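To keep things clear, I will list the structure first and then write my remarks on it.
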Amino acid sequence: MLAQELRYALLHGPYVNQHEIGISVQDSIVRLSGTMDSRFEKNRAQEIVSRKEGVVLVKNQIEVRMNWSGKEDGRIRRAIVEEMTWSPF
């Protein structure tokens, strides 16, 4: 019953894609699992779940997928200079 309430809360919580989160409950201890796109979403899911009555502890085992590729400082600098050179503003 508690797991269902938590799924409902996550479904209606902004900034959280509930369909990527696994929820298991044992003795009022909630374990969250799955993957999300950002730490913000991961923390937000934990916040929503921890506020529900009946939850004593949240074990947040959600993994954050890093789907961005970093750029070297020199490449970033060149891109900025190039944009400023061609920009009419």
Side-chain angles (χ1 to χ4, degrees):
M1 186 66 138
L2 180 58
Q4 187 176 4
E5 290 178 28
L6 296 173
R7 282 186 190 91
Y8 184 80
L10 288 171
L11 182 64
H12 290 90
Y15 312 113
V16 175
N17 186 353
Q18 179 265 343
H19 301 290
E20 297 183 16
I21 302 174
I23 301 172
S24 62
V25 180
Q26 185 175 3
D27 299 327
S28 298
I29 297 173
V30 179
R31 186 176 74 84
L32 301 176
S33 60
T35 56
M36 306 206 79
D37 291 328
S38 69
R39 289 180 199 259
F40 175 80
E41 287 178 306
K42 175 182 176 172
N43 293 336
R44 185 69 182 127
Q46 181 171 342
E47 238 178 75
I48 291 169
V49 168
S50 65
R51 290 183 180 169
K52 292 299 284 179
E53 186 176 336
V55 174
V56 193
L57 177 68
V58 178
K59 294 183 178 182
N60 191 344
Q61 298 175 333
I62 295 173
E63 293 184 21
V64 177
R65 65 174 85 96
M66 303 302 256
N67 55 357
W68 58 274
S69 59
K71 293 183 181 178
E72 301 166 356
D73 290 346
R75 287 181 63 196
I76 294 170
R77 182 182 181 281
R78 283 190 296 277
I80 291 170
V81 169
E82 192 174 297
E83 183 63 30
M84 290 174 66
T85 303
W86 290 101
S87 176
F89 302 102

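On a predicted model such as this, the values are computed, not experimentally measured, just so you know.
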Exercise answer: donor-acceptor pairs, residues 44-52 side-chain atoms, under 3.5 Å, sequence neighbours excluded:
from, atom 1, to, atom 2, distance (Å)
R44, NH1, E47, OE1, 2.9
Q46, OE1, N60, ND2, 3.0
E47, OE1, R51, NH2, 3.4
S50, OG, Q46, O, 3.1
S50, OG, E47, O, 3.0

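Residues passing the side-chain hydrogen bond (donor to acceptor under 3.5 Å, both in side chains) test with S33, sequence neighbours excluded: none. Listed by chain and residue number, R31 satisfy the side-chain hydrogen bond (donor to acceptor under 3.5 Å, both in side chains) test with Q61 (two or more places apart in sequence, or in another chain). With sequence neighbours excluded, the residues forming a side-chain contact (heavy atoms from CB on, under 4.5 Å) with V56 are S28, listed by chain and number.
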From CA spacing to verdict: salt bridge (charged side-chain N to carboxylate O under 4.0 Å, His left out), R77, E72: CA-CA 9 Å; R77 182 182 181 281; E72 301 166 356; over 6 Å; no
Test side-chain contact (heavy atoms from CB on, under 4.5 Å) applied to T35 and V64, step by step: CA-CA 6 Å; T35 56; V64 177; over 6 Å; no
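We find the CG-CD1 distance between N43 and I62 to be 9.0 Å, quoted to the nearest 0.5 Å. Atoms CG and CG, on L11 and L6 in that order, are 12.5 Å from each other to the nearest 0.5 Å. Here the straight-line distance linking atom CD of Q26 with atom CG of L2 works out to 12.5 Å at 0.5 Å rounding. Taking CE of M84 as the start and CD of E82 as the end, the distance is 12.5 Å to the nearest 0.5 Å.
A donor-acceptor pair under 3.5 Å links the side-chain atoms of E41 to the main chain of D37, judged by distance alone.
Here I29 sits in one hydrophobic cluster together with L57; the rule is ILVMFWY side chains under 4.5 Å apart, joined directly or through other members.
Sequence neighbours left out, the pairs with a member in residues 20-44 that pass ring pair (Phe, Tyr, Trp, His ring centres under 6.0 Å) are Y15-F40.
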